[in-house]
Amino acid sequence: MAFWDWLSFNKKRIDYDIRQIVNASARASIRPVNTGGRQTFDKWEQPFSWYDMGVIPRDSYKNKDVMENLKIIRDLNPDASMSIWNFLRLANSGHEVEVYTKNGKVDKKATELLNEKAKQVGKLYGGGMDQLINVLLLTSFTQGAIAIEVEIQEGLKDIEDIHAVDPSSLDFKKNKETGEIELVQRQIDGTFKVLNPETVFYYPFDPEISDPHGRSPILPVLQIVFFQIEILKDLRKVVHHQGHRRFDIKVLEESIVENMPMILNIKAQKLLDLMYKIIFNRFRIK
């Protein structure tokens, strides 16, 4: 091997060793000290941001009062009401239930049993799974979440009913001992009751990061309603000032002077000026 070839080979070898040392040092510098457990935290876990008893806070536009106002607007505003009506008819066009065996064949007996059971749920809303689905879809469009509770008979042999739950009445709370997020409901005495995750279910609609409550699809309707209110206020002002009939008044000065007593002739012009001012201020005649 020639001297220059030997020198070039050693130079490449030294460059390769240097790159390996640099890469190993970089990897070691970014390697976490503790590789177990979660390294990041949610925004509601930051210090001084916890609400009472560790409940995950709702945004101001997702609280119960806003949801109640959305219900009123949804039912009274013509545009919002028609939109919800269309949503429900498109989303709930009926459903079919089929049970398949391990071989991929339809189990007729099990299918008939489930279809019969589907007619018995949602008793509060007239009975039937279709009607219950409609109620849940309406809640989802309004509040951005679906919450249900499956009521099981005392003997645990059958389902008594499936109840739709108001999502705004439920909250999420972090268990300080286990660190798990639990679905809770505030009781009359102010405490929070942990709900059974096997029978109570909460499904958010398009949830935001670190926010399990969900997002209401019709929340932007508030901006449209506010805009309509402002337009109606401005229109009322225009009608009030421009829409009423105007008086056409003509003042005959000669007739007033002729019928005025002689003692007042000296002050006739002043009286006329005063009458003009009164008439102008009263009827705004120019």
Side-chain angles (χ1 to χ4, degrees), residues 32 34-75 80 84 87 91 121-122 124-125 132-152 156 159-223 225-226:
N34 182 13
T35 58
R38 182 176 178 179
Q39 302 297 311
T40 60
F41 53 84
D42 294 305
K43 61 180 181 181
W44 40 266
E45 292 180 310
Q46 300 179 22
F48 309 109
S49 67
W50 280 85
Y51 276 22
D52 53 333
M53 302 182 69
V55 175
I56 299 177
R58 290 177 177 267
D59 291 329
S60 58
Y61 55 87
K62 295 180 182 179
N63 58 39
K64 190 176 182 61
D65 294 336
V66 174
M67 295 298 107
E68 292 298 327
N69 291 330
L70 276 179
K71 291 180 183 179
I72 297 175
I73 294 174
R74 176 200 67 191
D75 296 337
I84 291 296
F87 274 133
V121 300
L124 180 62
Y125 314 105
L132 181 61
I133 291 175
N134 217 55
V135 173
L136 296 176
L137 287 175
L138 180 61
T139 304
S140 175
F141 294 147
T142 305
Q143 301 194 30
I146 291 175
I148 60 174
E149 179 182 2
V150 180
E151 181 185 0
I152 303 176
L156 304 180
I159 294 176
E160 182 68 25
D161 201 353
I162 299 178
H163 305 280
V165 182
D166 187 355
S168 63
S169 66
L170 304 181
D171 292 289
F172 292 89
K173 178 176 177 292
K174 185 175 182 179
N175 191 311
K176 296 182 179 180
E177 296 181 358
T178 63
E180 296 181 356
I181 303 300
E182 299 172 332
L183 188 63
V184 297
Q185 187 176 47
R186 186 186 290 271
Q187 304 300 299
I188 298 177
D189 58 358
T191 60
F192 288 92
K193 178 182 178 181
V194 179
L195 303 176
N196 187 356
E198 302 296 332
T199 57
V200 183
F201 306 93
Y202 187 101
Y203 302 100
F205 186 86
D206 291 346
E208 184 62 81
I209 295 177
S210 302
D211 187 359
H213 299 101
R215 298 167 62 244
S216 172
I218 68 169
L219 190 61
V221 76
L222 293 176
Q223 190 271 343
V225 172
F226 295 154

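By convention here, the first residue in the shown sequence is residue 1.
Under a 4.0 Å N-O distance rule, the pair K62/D211 qualifies as a salt bridge.
Among residue pairs with one or both ends in residues 134-151, those qualifying as side-chain hydrogen bond (donor to acceptor under 3.5 Å, both in side chains) are R74-T142, N92-N134, Q143-D166, E151-H163; sequence neighbours excluded.
Between the CD atom of Q185 and the CG atom of L195 there is a distance of 6.0 Å, given to the nearest 0.5 Å. Between the CZ atom of F201 and the CG atom of N196 there is a distance of 8.0 Å, given to the nearest 0.5 Å. Rounding to the nearest 0.5 Å gives a distance of 11.0 Å between CG of L137 and CZ of F87. Separating the CD1 atom in I152 from the CD1 atom in I162 is a distance of 10.0 Å, to the nearest 0.5 Å. Atom OH of Y203 and atom CD1 of I146 lie 9.0 Å apart (nearest 0.5 Å). Rounded to the nearest 0.5 angstrom, I148 CD1 and D161 CG are separated by 11.0 Å.
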CA sep, side-chain torsions, deciding dist, call: S216, L70, side chain to side chain contact (heavy atoms under 4.5 Å, CB included): CA-CA 10 Å; S216 172; L70 276 179; 3.8 Å; yes
Intermediate values then yes/no, side chain to side chain contact (heavy atoms under 4.5 Å, CB included), K64 and M67: CA-CA 5 Å; K64 190 176 182 61; M67 295 298 107; 5.6 Å; no
Worked verdict on L170 versus V165 for side chain to side chain contact (heavy atoms under 4.5 Å, CB included): CA-CA 9 Å; L170 304 181; V165 182; 4.1 Å; yes
Intermediate values then yes/no, side chain to side chain contact (heavy atoms under 4.5 Å, CB included), F192 and V55: CA-CA 9 Å; F192 288 92; V55 175; 3.5 Å; yes
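In summary, the aromatic rings of Y202 and H213 are positioned with their centroids too far apart to meet the 6.0 Å limit.
Between P167 and A145, the shortest heavy-atom distance links the atoms CG-O, 3.5 Å. For I218 against F141, the heavy-atom pair with the smallest separation is CG1-O, 3.4 Å.
In terms of modelled atom types and a separation under 3.5 Å, the side chain of N69 and the main chain of D65 share a donor-acceptor contact.
Counting heavy atoms of neighbouring residues, nucleotides and ligands inside a 6.0 Å radius, atom NZ of K193 does not exceed 12 of them. Remark: E180 CD is loosely packed, at most 12 non-hydrogen atoms of other residues, nucleotides or ligands lying under 6.0 Å away.
Side-chain polar atoms of N175 and E182 form a donor-acceptor pair below 3.5 angstrom.
Contact of the L138 side chain with the I84 side chain is registered, since non-hydrogen atoms from C-beta on lie closer than 4.5 Å. Residues P212 and I56 have side chains in contact (heavy-atom distance under 4.5 Å, counting atoms from C-beta outward).
Looking at residues two or more places apart in sequence or on another chain, you find a side-chain contact (heavy atoms from CB on, under 4.5 Å) between P217 and F205.
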